[in-house]
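Report on the structure given below.
These numbers come from a predicted model, not from an experiment.
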Amino acid sequence: MVAGEVPGLLQRLAEVPDPRDPRGVRHALTVVLALTACAVLAGATSLLAVGEWIVDTPSRLLELLGVRPDPLCPKGACLGTTRHCRASVA
């Protein structure tokens, strides 16, 4: 196989069928899987650790992975809410 024929991570993950009901889907399955894969490769061993990795990820990397920012939620406010939720679970 030639290097140019090897699909990227996002292309491969896009081939995974999404079993979710389209109503209420906020993030594409490809993005969720990519974030989870990156977090696990970085050492995350639980869903909580995956969430922590995502919160701590630079916005540029999130954009490269396909995360769309919420125009109604400034980044600081969303991070504060996420950290608050994470603290209440831990």
Return all side-chain donor-acceptor pairs below 3.5 angstrom for residues 18-25, not counting sequence neighbours, or 'none' if the list is empty.
residue, atom, partner, partner atom, Å
Asp18, OD1, Arg20, N, 3.0
Asp18, OD1, Arg20, NE, 2.9
Asp18, OD2, Arg20, NE, 3.2
Asp18, OD2, Arg20, NH2, 2.8
Arg20, NH1, His27, O, 3.4
Arg20, NH2, His27, O, 2.9
Asp21, OD1, Arg23, N, 3.1
Asp21, OD1, Arg23, NE, 3.4
Asp21, OD2, Arg23, NE, 3.3
Asp21, OD2, Arg23, NH2, 2.7

Test side-chain contact (heavy atoms from CB on, under 4.5 Å) applied to Ser46 - qualifying residues, sequence neighbours left out: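 If we apply the side-chain contact (heavy atoms from CB on, under 4.5 Å) test to Ser46, skipping adjacent residues, the hits are Leu48, Ala49.
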Leu47 atom CG: more than 12 heavy-atom contacts under 6.0 Å: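 No, not enclosed.
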Under 3.5 Å, which donor-acceptor pairs do the side chains of residues 28-37 form with other protein atoms, sequence neighbours left out?
residue, atom, partner, partner atom, Å
Thr36, OG1, Val32, O, 2.8

Approximate separation, where rounding is to 0.5 Å, of Gln11 CD and Leu9 CG: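 Output value for this atom pair is 9.5 Å.
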In one Ile/Leu/Val/Met/Phe/Trp/Tyr side-chain cluster, 4.5 Å: Leu64, Ile54: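 Different clusters: Leu64 never reaches Ile54 through Ile, Leu, Val, Met, Phe, Trp or Tyr contacts under 4.5 Å.
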